[in-house]
Amino acid sequence: FRDELRDLLRRIVDAAALPAFVSEVCAEALAAAPGSAAPGDLPWRLREEPLHALSAVAAAVCAGCNSGAAGAGPVMTALGALNALAGEASNALAGHRQLLCSFLVCSSVYVPV
């Protein structure tokens, strides 16, 4: 079902909705990280979903990077969240190897930025 969800996200998140979508998904990813302000620790499967959503729109985010200052917001938000998660890697990503793999895949699609 994840492929269908990724395809749906790519279709419905247009350029106008992209900044808000990226901000919300990044906030979810960071709130789920241990050591964050979020109460409790979510299971690894729930922490993994924002990473999949973020990687689904990576092409649009990276394309927006070339459009000037207007496109820089989502890029900076995504990179900031990935940086924060990488900084907490031993805690935030150690819950399960699938979560770590999802983080690495998501990070790799942002390499062009």
Discussion item. Do V105 and L82 sit in one hydrophobic cluster, given that two such residues count as connected whenever their side-chain heavy atoms are within less than 4.5 Å of each other, even indirectly?
Written reply: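 Hydrophobic grouping puts V105 apart from L82.
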Worksheet item: Does L5 belong to the same Ile/Leu/Val/Met/Phe/Trp/Tyr cluster as V57, with side-chain heavy atoms less than 4.5 Å apart forming each link?
Response: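 The answer is yes; both residues are in one hydrophobic cluster.
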Taking only distance into account, with no hydrogens and no angle test, what donor-acceptor pairs under 3.5 Å do side-chain atoms of residues 12-27 form with protein atoms, sequence neighbours excluded?
{"from": "D14", "atom 1": "OD1", "to": "A16", "atom 2": "N", "distance (Å)": "3.3"}
{"from": "D14", "atom 1": "OD1", "to": "A17", "atom 2": "N", "distance (Å)": "2.9"}
{"from": "S23", "atom 1": "OG", "to": "P19", "atom 2": "O", "distance (Å)": "3.0"}

Which atoms form the tightest heavy-atom contact between [X] and [Y], and what is the distance?
X    : Y    : value
L85  : A29  : CD2-O, 4.0 Å
S102 : E48  : OG-OE2, 2.5 Å
A86  : F103 : CB-CZ, 3.7 Å
R6   : H52  : NH1-O, 3.3 Å
V61  : V75  : O-CG2, 3.4 Å

Worksheet entry | Pairwise distance CG(L9) to OG(S55) - rounded to 0.5 angstrom |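 Answer for the CG-OG pair, L9 versus S55, is 9.0 Å.
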Fill in: Sequence-distant partners of T77, side-chain hydrogen bond (donor to acceptor under 3.5 Å, both in side chains), two or more places apart
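Residues passing side-chain hydrogen bond (donor to acceptor under 3.5 Å, both in side chains) with T77: none at all.
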